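Here the structure is laid out as C-alpha cells; the discussion comes afterwards.
To find a chain, count down the sequence lines: A is the first, B the second, and so on, and within it residues start at 1. The structure presented is a predicted model; accordingly, all values stated were derived computationally and were not measured.
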Amino acid sequence: MADELLPLSRLESSAERAARVLLGCLLCRRLEDGTVLRGRIVETEGYAGAEDVASHSFGGRRTGRNESMYARAGTAYVYFTYGMHWCMNVACSIEDDPQAVLLRAIEPVEGADRMEILRRSNPRAARRLAEIKIGAGPARLCAAMGLDRSWDGVDLLARSERGEDLWLEHGDRPSRTLVGPRIGIDRVGEPWLSAPLRFGVEGSPSLSKPFPTVGEERAARDSAS
DNA sequence: ATGACGATTTACT
DNA sequence: GTAAATCGTCATA
C-alpha cells in the first residue's frame, strides 16, 4: 500500500465521492534537490461542476484559468486568488466534465522541516507561525508544498522521470469523516450554500476551521470503500 | 483600456 | 469580531 500511486479508478467519479476518497491520501512533492515532501490530506471540498453555483465552472464557464477543471481525473487545477494566494484542486471526472476537489488541509508526514521553510518564504508569513499548523488551509497547503501556477495541469496519477514532481499516493483511511458546508462561498444561494460538500478527518489537528457539531452535519461513519 | 472581484490569510479593534 | 492586503483574470467597452 505504501508509496503506491493513486489509480484513476479511485478518483474518476463525482466530486462528492472523490472528496471523500482523497481524505487520508498523501499529496507528494519532489523538490529540485531531491527532497521529498509528503502531506496527509485531512480536509477537502467537492465542487460539482457546471450545476454548482459555487464552482469556477458554474454554467459551463471555461476560461484559460479554469481549463484544468475540464481535464481527466487526477489533473491538478492550481489557481491564484486574492492577489496573493495559490489554491489546489484535483479534477475528478471524465474530460469535459468540470468536477473537482479543493484540497483544504494537509498534515505533514515527511519533510516538515522543508515545509516550514517554504511557508516562511511567503512575504506575508504569519507573525505567530507557531500557532498556525503547517498546511491548515488551502493557501497554507500550497505554501507548504511550494505550489504555484507551474503545477496547474500536472497529472497527479503519474510520476515524472526527472526533476521536480507532484503526485498522489494511498494513505490511511480516516476512521470517521466529518461533513459540513463549504467555506468562503458566502455569495452563492441555496441549496449550494449549505450543501454538505466539505469533508474532514475527525480528530486531525490540522483542519482549517472547525466543523459543525449539531444536526445532520454531525460526524458520520465513513461509507467510502 | 478599465474596473470589479475573489473556493484566503493576517492584522488589528 | 472587522478590515486590509494585493493582483491575475475576466467581462465589458
Side-chain angles (χ1 to χ4, degrees), chain A residues 14-16 18-20 22-23 27 39 41-71 75-93 97-106 115-116 118-153 156 178-200 206-212 217:
Chain A
S14 68
E16 193 270 344
R20 288 177 176 278
L22 283 168
L23 287 183
L27 179 63
I41 298 168
V42 294
E43 185 182 330
T44 60
E45 280 180 354
Y47 285 84
E51 298 180 349
D52 187 345
V53 183
S55 173
H56 290 169
S57 56
F58 172 62
R61 200 174 83 113
R62 188 168 185 165
T63 67
R65 175 168 91 144
N66 73 357
E67 178 62 26
S68 294
M69 296 186 87
Y70 290 80
T75 302
Y77 165 41
V78 181
Y79 68 90
F80 187 65
T81 191
Y82 290 104
M84 63 197 92
H85 301 305
W86 296 96
C87 294
M88 174 179 174
N89 294 246
V90 181
C92 61
S93 186
D97 179 18
Q99 302 199 53
V101 175
L102 172 68
L103 303 185
R104 287 195 57 89
I106 55 171
M115 293 184 192
E116 179 68 24
L118 281 165
R119 73 164 175 167
R120 283 179 183 279
S121 72
N122 185 314
R124 274 173 57 84
R127 181 188 304 169
R128 300 160 72 184
L129 278 172
E131 296 181 14
I132 299 178
K133 292 285 201 294
I134 295 174
R140 293 170 183 158
L141 177 160
C142 284
M145 296 293 281
L147 303 178
D148 59 23
R149 187 55 183 264
S150 68
W151 297 97
D152 183 49
L156 302 168
L178 302 168
V179 184
R182 293 172 292 183
I183 304 296
I185 56 169
D186 303 354
R187 291 181 71 261
V188 318
E190 299 291 2
W192 297 104
L193 178 61
S194 53
L197 288 171
R198 176 182 178 224
F199 305 95
S206 296
L207 298 177
S208 67
K209 291 183 173 155
F211 276 73
E217 286 147 359

Notebook entry, point to check: With nearest nucleotides of DNA chain B determined for I185(A) and L129(A) from heavy-atom distances, which residue corresponds to the more 5′ nucleotide?
Noted result: I185(A)

Expressed as a whole number of angstroms, how long is the span from [X]:[atom1] to [N]:[atom2]?
| X | N | atom1 | atom2 | answer |
| --- | --- | --- | --- | --- |
| D186(A) | dT9(B) | CG | P | 14 Å |
| N66(A) | dC5(B) | CG | P | 19 Å |
| I183(A) | dG6(B) | CD1 | C1' | 16 Å |
| Y82(A) | dA7(B) | OH | P | 6 Å |
| M84(A) | dG6(B) | CE | P | 14 Å |
| M69(A) | dC10(C) | CE | C1' | 16 Å |
| L22(A) | dA7(B) | CG | P | 20 Å |
| M88(A) | dA7(B) | CE | C1' | 14 Å |

Report yes if at least one side-chain N or O of [X] is closer than 4.0 Å to OP1 or OP2 of [N]; otherwise report no.
| X | N | value |
| --- | --- | --- |
| R140(A) | dT10(B) | yes |
| R198(A) | dA7(B) | no |
| H56(A) | dA7(B) | yes |
| R62(A) | dT9(C) | no |

Among the candidates [options], find the nucleotide nearest to the side-chain atoms of [X].
| X | options | result |
| --- | --- | --- |
| T63(A) | dC10(C), dT9(B), dG8(C) | dC10(C) |
| R187(A) | dT8(B), dC10(C), dG6(B) | dG6(B) |
| R61(A) | dT10(B), dT8(B), dC10(C) | dC10(C) |

Notebook entry, point to check: If you look at every strand shown and take non-hydrogen atoms under 4.0 Å, does A139(A) touch a base, only sugar-phosphate, or nothing?
Noted result: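 Sugar-phosphate, no base atom in range.
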
Next item on the list: May I ask you to say what R149(A) touches in the nucleic acid, namely base, sugar-phosphate or nothing, with a heavy-atom cut-off under 4.0 Å?
Entry: sugar-phosphate

Margin query: Can you confirm whether more than 12 heavy atoms, excluding those of E51(A), are under 6.0 Å from its CD atom?
Written below: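 Not more than 12 within 6.0 Å, no.
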
Next item on the list: Could you grab the distance from atom OH of Y47(A) to atom CG of N66(A), nearest 0.5 Å is fine?
Entry: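 Output value for this atom pair is 14.0 Å.
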
Margin query: Strictly distance-based, threshold 3.5 Å: is any side-chain N or O of R182(A) a donor or acceptor partner for the main-chain N or O of W192(A)?
Written below: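 The answer is yes, because a donor-acceptor pair under 3.5 Å joins these two groups.
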
Notebook entry, point to check: Do D152(A) and S68(A) have side-chain atoms, one donor and one acceptor, less than 3.5 Å apart?
Noted result: yes

Note to self: Distance to the ring centre below 6.0 angstrom and angle to the axis at most 45 degrees; does that hold for R149(A) and F80(A)?
What the structure shows: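 R149(A) over F80(A) ring: no.
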
Next item on the list: Searching all strands shown, indicate the nucleotide that pairs with dC12(B) (Watson-Crick or G-U wobble; both distances under 3.5 Å).
Entry: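 Base-paired to dG1(C).
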
Item checked: dA7(B) pyrimidine/purine six-ring stacking with Y47(A), under 5.5 Å and 30° -> yes

